[in-house]
K.L.:
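Please see the structure below; I have some questions.
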Protein chains: 2
Amino acid sequence: MAKQHQASPEARQGATIYSVAEHAGVSIATVSRVLQGVTVVSEPTRQKVLAAVEELGYVALGAARSLAVRHHEAHGLVLPELSGPYYAELLMGFEARAAELAQSVVLVLTDSRTDLAAAVRQLATRVDAIAVFGSAPISADVVRLLRAKKPVVVIAGEPQDGVEAVSAENLESARELAGHLLDHGKRRALFVGDPDSGPDIHNRYAGYVAAHRDRGLDAAEPVRVALREAEGTAFAQRMLAGAYEADALMCANDELALSIMATLQDAGRDVPGDVAVVGWDDVMTARYVRPGLTTVRQPVHELGALAADRLHELVSGEPPRSRAQTLPTQLVVRSSCGCRAAT
Amino acid sequence: MAKQHQASPEARQGATIYSVAEHAGVSIATVSRVLQGVTVVSEPTRQKVLAAVEELGYVALGAARSLAVRHHEAHGLVLPELSGPYYAELLMGFEARAAELAQSVVLVLTDSRTDLAAAVRQLATRVDAIAVFGSAPISADVVRLLRAKKPVVVIAGEPQDGVEAVSAENLESARELAGHLLDHGKRRALFVGDPDSGPDIHNRYAGYVAAHRDRGLDAAEPVRVALREAEGTAFAQRMLAGAYEADALMCANDELALSIMATLQDAGRDVPGDVAVVGWDDVMTARYVRPGLTTVRQPVHELGALAADRLHELVSGEPPRSRAQTLPTQLVVRSSCGCRAAT
DNA sequence: CTGTTAGCGCCTTCAT
DNA sequence: ATGAAGGCGCTAACAG
């Protein structure tokens, strides 16, 4: 019996449990046993097997193992995209925790998919559970459909029946941030960003409204723009043209705040003198610009880890939680709000 | 003999090919046929099957299919981490192309792994091919070992025997960038960053050296610091303390350049007057700081896509290319080099 | 055109 | 303690 375990050009497939068994002079059942480490195996044979495994560099084929044990030891993660630090950080937290739990992570980015529903269904056939980002353009139907087959957790979205959710706090922090602006004496603060772009933004706007209400003030309607750099620039230009009257801008995220601030400054406006600008996320750029951007830091890494955790427990049979789990955020005060902070 | 493939109504696992077959009153082979769409099936039965598939929401189990066809329809990607826009963009490019090619992507981040070798071996059992980032702390041994089982392509690294590489151009662009600095009259330009942190950086330093040689100048030894924000700040402080004499700093990447520039400016130094600072990558922050950071833009997205492409072709049986494929980069001149650009 | 059947590689009772 | 044998769900010959 010629051994073809040498890395011959075409026999790339590697050793199987059979070749290991033969090599060690035992049955495949024994090989499986020492590898699973569940049943007891006599030390001598155990060593023989281990030696064979080592020599042939054997690793069980994922598909075969999955088929036999009826699960994949993998988690799926569905995110819109990865530009900006938010999603990347979330992914890092998710991946790190998944790694600790010995789960592979297979990633799906919705922005690059034409047939998202198909992609998600596909994903469901290769993982044990799936975490999907709340604002991802996935119809609630798909989520529900998914949930029928695999455990699902929504990140930064609303919990639905049977689908639990994890997120960072928004409303109270937004209320605090908006309050901070108002306490600087600003009386025409505008909320820039579309509350309909997701539960997160929705709640930030709600906090903005609440802060006004707290002080017996009227909150303005939100300026509905997408959370992208280009939209911020466009908005700022409209503002420079006199389309908006405001002495403070509470932006839905830093990307928006940063582009708006830069455009305003380039046109000679003083920030925060003429108009204060604050954001949300605390991206790297926020601490490099002058004035430093006042914003809110979210525990994004932890959020990702939490999602991976919950997925694992759900797979382990734990029942889904009905209430969303919310992680606390932190107000980061720099100078763009009107404060004279260090930076 | 009894078939027990009946999908009990509440079977959480979902429908199997058997339940679909039964539901449609045909054999599993027929179901498989219409789904694979290879062989011809009479239109009537075809419709019956499709209807059953639809009603049961059937999707073939990934593991079973993989086992039968002997491949996974998935690509693996090994990256160090995801902070900063570089890796995230690379991943997006990779994922997008993989999606087009109908390949799932399973991601492994080395920074979060304690046993990297094991993680990579594991990965190899669930994908058809693997792309690993060149500077990832993966010993050449592991790569070679991997290559014996699956096609591998190295991103931004040196091609090894049987392992092809894709990368962005570094040497010539660096030569151009360094030359630009020298042509501004700078005579004590320092290279900041460790050339040993990867082939990319190595070549950037080589370009720096070449530019000097081109002009009959002597190139200084590199200031070996890690490519992280904190290291940049520390370096800048040493420089402010008089440890280095320089009128220009060519930093290995933008993160370094940005933190150095900020620290220098905070201490009252004029950039680019007292000292010019340039980076590499063209991250978002680079265009928001003042002066705008002169840097080099890499086609990161395309690089990721190229890697996915090559993986796919390698899996399809195409032979590996011996020469590395290099994508062109672009010098982005702003003001931190001494030019009086728009920003 | 369609059904039957033999694997794919591994895990897991069930005997021994 | 170890071996034999039956699936896991699906694809792909091979017969009809």
Side-chain angles (χ1 to χ4, degrees), chain A residues 5 11-49 52-53 56-73 122 124-126 128 149, chain B residues 1-8 11-50 52-53 56-73 122 124-126 128 149:
Chain A
H5 296 296
R12 273 254 193 82
Q13 287 308 329
T16 71
I17 196 172
Y18 289 97
S19 53
V20 174
E22 186 178 336
H23 201 84
V26 299
S27 74
I28 63 166
T30 298
V31 175
S32 182
R33 285 191 188 101
V34 347
L35 260 25
Q36 302 312 304
V38 209
T39 322
V40 187
V41 180
S42 81
E43 195 51 27
T45 47
R46 181 184 153 70
Q47 291 306 334
K48 281 192 304 186
V49 172
V53 166
L56 291 119
Y58 171 74
V59 185
L61 181 66
R65 181 179 161 72
S66 295
L67 185 55
V69 302
R70 307 167 74 83
H71 66 261
H72 311 270
E73 293 171 345
Q122 231 275 64
T125 81
R126 0 189 10 117
D128 300 318
K149 303 194 168 187
Chain B
M1 294 289 290
K3 296 212 187 73
Q4 43 202 55
H5 295 296
Q6 311 254 15
S8 68
R12 306 189 80 255
Q13 283 311 328
T16 72
I17 196 173
Y18 289 95
S19 55
V20 175
E22 187 178 336
H23 202 84
V26 300
S27 76
I28 62 167
T30 298
V31 175
S32 182
R33 285 191 189 100
V34 347
L35 260 24
Q36 302 312 304
V38 209
T39 322
V40 187
V41 180
S42 81
E43 195 52 27
T45 47
R46 179 183 153 72
Q47 291 306 333
K48 279 192 305 188
V49 172
L50 255 23
V53 167
L56 274 48
Y58 171 74
V59 185
L61 181 65
R65 181 179 161 70
S66 294
L67 185 56
V69 300
R70 307 167 72 83
H71 66 260
H72 310 272
E73 293 173 345
Q122 231 275 64
T125 80
R126 359 191 8 121
D128 301 317
K149 303 195 169 187

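Atoms considered below: every heavy atom in the structure, side chains included; atoms not considered: hydrogens, waters and symmetry mates. Chain A is the first sequence line, chain B the second, and so forth, proteins listed ahead of strands; every chain is numbered from 1. Just so it is clear, the model here is predicted, and its values are computed rather than measured.
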K.L.:
Any side-chain N or O of B/Thr45 under 4.0 Å from OP1/OP2 of C/dC1?
P.N.:
no
K.L.:
Sorted by first residue and then second, give each salt bridge (Lys or Arg N to Asp or Glu O under 4.0 Å) pair with at least one member in residues 26-37 of chain A; sequence neighbours left out.
P.N.:
none
K.L.:
To the nearest angstrom, how far is A/Arg46 atom CZ from D/dT2 atom P?
P.N.:
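The distance from CZ of A/Arg46 to P of D/dT2 comes to 12 Å, rounded to the nearest Å.
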K.L.:
Are OP1 or OP2 of D/dT2 and a side-chain N or O of A/Ser42 less than 4.0 angstrom apart?
P.N.:
yes
K.L.:
Using side-chain hydrogen bond (donor to acceptor under 3.5 Å, both in side chains) as the criterion, list what pairs up with B/Glu73, not counting sequence neighbours.
P.N.:
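side-chain hydrogen bond (donor to acceptor under 3.5 Å, both in side chains) list for B/Glu73, sorted by chain: B/Arg65.
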K.L.:
Please report, rounded to the nearest Å, how far the P atom of C/dG9 is from the NE2 atom of B/His71.
P.N.:
14 Å
K.L.:
In whole angstrom, give the distance that lies between atom CD of A/Glu22 and atom P of D/dT2.
P.N.:
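Rounding to the nearest Å, CD of A/Glu22 and P of D/dT2 are 19 Å apart.
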K.L.:
Measuring from atom OH of B/Tyr58 to atom CG of B/Leu50, what distance do you get when rounded to the nearest 0.5 angstrom?
P.N.:
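One gets 12.5 Å once the value is rounded to the nearest 0.5 Å.
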K.L.:
Please report the distance, rounded to the nearest Å, between CG in A/Leu67 and P in D/dG6.
P.N.:
17 Å
K.L.:
Just the table, please: protein N/O against nucleotides 10-12 of chain C N/O, every pair under 3.5 Å.
P.N.:
| from | atom 1 | to | atom 2 | distance (Å) |
| --- | --- | --- | --- | --- |
| C/dC10 | OP1 | A/Tyr58 | OH | 2.6 |
| C/dC10 | OP1 | A/Leu61 | N | 3.2 |
| C/dC10 | OP2 | A/Ile17 | N | 2.4 |
| C/dC10 | O5' | A/Tyr58 | OH | 3.4 |
| C/dC10 | N4 | A/Tyr18 | OH | 3.4 |
| C/dC11 | OP1 | A/Gln36 | NE2 | 2.8 |
| C/dC11 | OP1 | A/Arg65 | NH1 | 2.7 |
| C/dC11 | OP2 | A/Ser32 | OG | 3.2 |

K.L.:
Check every strand shown and say whether A/Ser66 touches a base, only sugar-phosphate, or nothing at a heavy-atom separation below 4.0 Å.
P.N.:
nothing
K.L.:
State which residues pass salt bridge (charged side-chain N to carboxylate O under 4.0 Å, His left out) with A/Arg126; sequence neighbours excluded, sorted by chain then number.
P.N.:
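Applying salt bridge (charged side-chain N to carboxylate O under 4.0 Å, His left out) to A/Arg126 gives none.
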K.L.:
Check salt bridge (charged side-chain N to carboxylate O under 4.0 Å, His left out) between B/Arg46 and all other residues, then give those that pass, not counting sequence neighbours.
P.N.:
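If we apply the salt bridge (charged side-chain N to carboxylate O under 4.0 Å, His left out) test to B/Arg46, skipping adjacent residues, the hits are B/Glu43.
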K.L.:
Would you indicate, yes or no, if D/dT2 has its OP1 or OP2 atom less than 4.0 angstrom from a side-chain nitrogen or oxygen of A/Ser27?
P.N.:
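No, A/Ser27 has no side-chain N/O under 4.0 Å of OP1/OP2 on D/dT2.
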K.L.:
I need the CZ-C1' distance between B/Arg70 and C/dG7, as an integer number of Å.
P.N.:
9 Å
K.L.:
Could you work out, with side chain to side chain contact (heavy atoms under 4.5 Å, CB included) as the rule, every residue matching B/Ser42, not counting sequence neighbours?
P.N.:
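Once residues adjacent in sequence are excluded, the partners of B/Ser42 under the side chain to side chain contact (heavy atoms under 4.5 Å, CB included) criterion are B/Pro44, B/Thr45.
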